[in-house]
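Accompanying notes for the structure given below.
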Amino acid sequence: MAALTGAQKAAMLLLQLGRDRAARVMAQLDVAEIEELTAEILRLERVDQRLADEVLEEFHAVSVVGPGVGGGMGLAQHLLVASLGADRAGEVMERLQTTLQGQPFEFLQHADARQVVSLLSGEHPQAIALVLAHLRPDHAGAILAGLDAELQAEVAHRIALMERASPDVVQVIAETLQRKASTVLAASDLAAVGGVQPLVEIINRADPSTEKVILEGLASRDEELAEEVRSRMFVFADITLLEDRAMQLVLRQVETAQLSVALKGVGDGVRDTVMRNLSERARENLVEEIELLGPVRLSLVEDARAAIVQVIRRLEESGQIVIRRDGEDELVA
């Protein structure tokens with residue numbers, strides 16, 4: 001963490017916020033900040049998950065507590081006693097202190113279940129039970145499923161009977177496994193948080209002005225990379241890739257006035273895709289609306305097209321439609 005710059009931390013944070021939230025955040029930044037963050041996102045190929053988690057924790061601490069607000073054990077204990085009484089406050093503090101000491105098997109939390117099974121091979125059932133009891137239930141279940149049937153039953157039995165474990169014993173087992181893990185575990189405990197595709201997905205959900213700034217800034221640094229990003233993005237002309245049923249669902253969520261502006265100056269392929277998916281009456285209304293418009297500013301046309309693309313992206317993300325991009329296999333019903 002100490003070696004990370006503020007921009008690197010910000011890039012890691014954006015990628016973990018999710019595409020839509022990241023796009024909204026970037027829309028609030030100035031041009032220089034957007035360019036700097038874009039560059040950092042592209043440099044992030046694979047990042048240790050623990051490091052990514054630490055960045056999130058630091059952001060949470062600063063955003064919730066604030067950099068200039070004092071906390072600490074004394075204040076926490078005082079608030080708990082005032083809220084819950086001395087007895088219950090003592091129980092809560094004991095649980096919290098155990099949590100704050102860190103998870104001894106955190107290095108296994110994001111490892112592939114099959115690799116953890118290999119790592120635990122030859123370990124005593126009690127040690128395996130201790131490890132699984134410290135992992136997330138879904139992860140522990142996947143690991144348990146990979147054990148031999150007889151060992152599964154033995155480990156499950158020991159987990160059920162386990163109540164408390166000596167911290168010293170836990171620490172010894174954790175240290176032993178961590179040394180062994182350095183040779184057994186591959187890079188699967190590294191989370192893919194950056195690269196071209198995550199950047200494309202963020203830009204796809206940004207507003208047109210932010211999209212333009214990012215692409216122009218990227219092109220000034222690396223034109224070839226900017227072209228790769230552009231080639232992966234879904235643009236208005238790509239609606240010709242939509243199946244008719246998907247196009248009909250999109251059109252039900254777009255106003256005729258907006259659609260008429262978006263279709264000004266489009267090629268025949270895009271126009272035909274839209275027209276054949278409208279009812280005869282709706283098609284006539286749209287043609288009439290386009291003719292009544294007359295000349296339209298390019299910026300208004302681009303805004304209308306961007307709004308329709310946003311509708312398409314939302315429908316794809318929610319699983320209501322599938323975009324068949326160039327070069328992809330056909331779908332089989």
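Because the structure is a prediction, the values reported are computed rather than measured. Numbers here are sequence positions counted from 1.
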ask   = What distance do Ile128 atom CD1 and Gln152 atom CD have between them, rounded to the nearest 0.5 Å?
value = 11.0 Å
query = Val301, Ile290: one ILVMFWY side-chain cluster at the under-4.5 Å cut-off?
reply = no
query = How long is the span from the CD atom in Glu227 to the CG atom in Leu218, to the nearest 0.5 Å?
reply = 10.0 Å
query = Is there a side-chain contact between Met12 and Leu51, using heavy atoms and a 4.5 Å cut-off?
reply = yes
query = How many angstroms lie between CG in Leu130 and CD1 in Ile173, if you round to the nearest 0.5 Å?
reply = 4.5 Å
ask   = What residues form a salt bridge (Lys or Arg N to Asp or Glu O under 4.0 Å) with Asp244, not counting sequence neighbours?
value = Arg276
remark   = Minimal heavy-atom distance between Ile308 and Ala262, with the atoms involved, is CD1-CB, 3.6 Å
request  = Please lay out, stage by stage, how Val274 and Leu286 fare under the test side-chain contact (heavy atoms from CB on, under 4.5 Å).
outcome  = CA-CA 10 Å; Val274 172; Leu286 179 60; 4.1 Å; yes
ask   = Got a second to check how far Ile159's CD1 is from Leu144's CG, nearest 0.5 Å?
value = 6.0 Å
ask   = Quick one: are Arg158 and His124 in side-chain contact, heavy atoms under 4.5 Å?
value = yes
task = Go through Arg24 and Gln28 one step at a time and tell me if the side-chain contact (heavy atoms from CB on, under 4.5 Å) criterion holds.
result = CA-CA 7 Å; Arg24 289 198 295 271; Gln28 304 302 313; 5.9 Å; no
Name of the residue among Leu120, Leu119, Ile143 meeting side-chain contact (heavy atoms from CB on, under 4.5 Å) with Val131 = Leu120
task = Report whether Leu293 and Leu300 are members of the same hydrophobic cluster (ILVMFWY, side-chain heavy atoms less than 4.5 Å apart, transitive linking).
result = yes
message = Within the structure provided, determine whether Val322 and Glu243 are in side-chain contact (heavy-atom separation under 4.5 Å).
response = no
query = Quick one: does Glu284's side chain get under 4.5 Å of Glu288's, heavy atoms only?
reply = no
query = Does the pair Glu123/Lys180 count as a salt bridge with the N-to-O cut at 4.0 Å?
reply = yes
note = Distance col, row Arg305:CZ vs Lys264:NZ, nearest 0.5 angstrom, shows 11.0 Å
query = Does the pair Val155 and Gln126 meet the rule for a side-chain contact (heavy atoms from CB on, under 4.5 Å), with working shown?
reply = CA-CA 7 Å; Val155 170; Gln126 185 66 27; over 6 Å; no
Any donor-acceptor N/O pair, His139 side chain to Leu108 backbone, under 3.5 Å = yes
inquiry  = Is it the case that the side chain of Asp148 and the backbone of Leu151 share a donor-acceptor pair, with hydrogens and angles ignored and the cut-off at 3.5 Å?
reply    = no
task = Report the distance from atom CG of Asp303 to atom CZ of Arg297, rounding to the nearest 0.5 Å.
result = 11.0 Å
message = Is there a continuous path of hydrophobic side-chain contacts, each under 4.5 Å between heavy atoms, that joins Val261 to Ile239?
response = no
query = Transitively linked via ILVMFWY side-chain contacts under 4.5 Å: Met275 with Val266?
reply = yes
key: Heavy-atom side-chain contact between Leu278 and Asn285 under 4.5 Å   = no
task = Tell me, yes or no, whether the heavy-atom count around Glu223 atom CD, taken from other residues, nucleotides or ligands under 6.0 Å, exceeds 12.
result = yes
Ignoring hydrogens and angles, write down the donor-acceptor pairs under 3.5 Å from the side chains of residues 248-259, residues two or more places apart or on other chains.
unit_1	atom_1	unit_2	atom_2	d
Gln248	NE2	Asn277	OD1	3.0

Heavy-atom closest pair, residues Phe236 and Val270 = CE2-CG1, 3.8 Å
message = Would you say that Glu228 contacts Glu224 through its side chain, given a criterion of any heavy-atom pair below 4.5 Å between the two side chains?
response = no
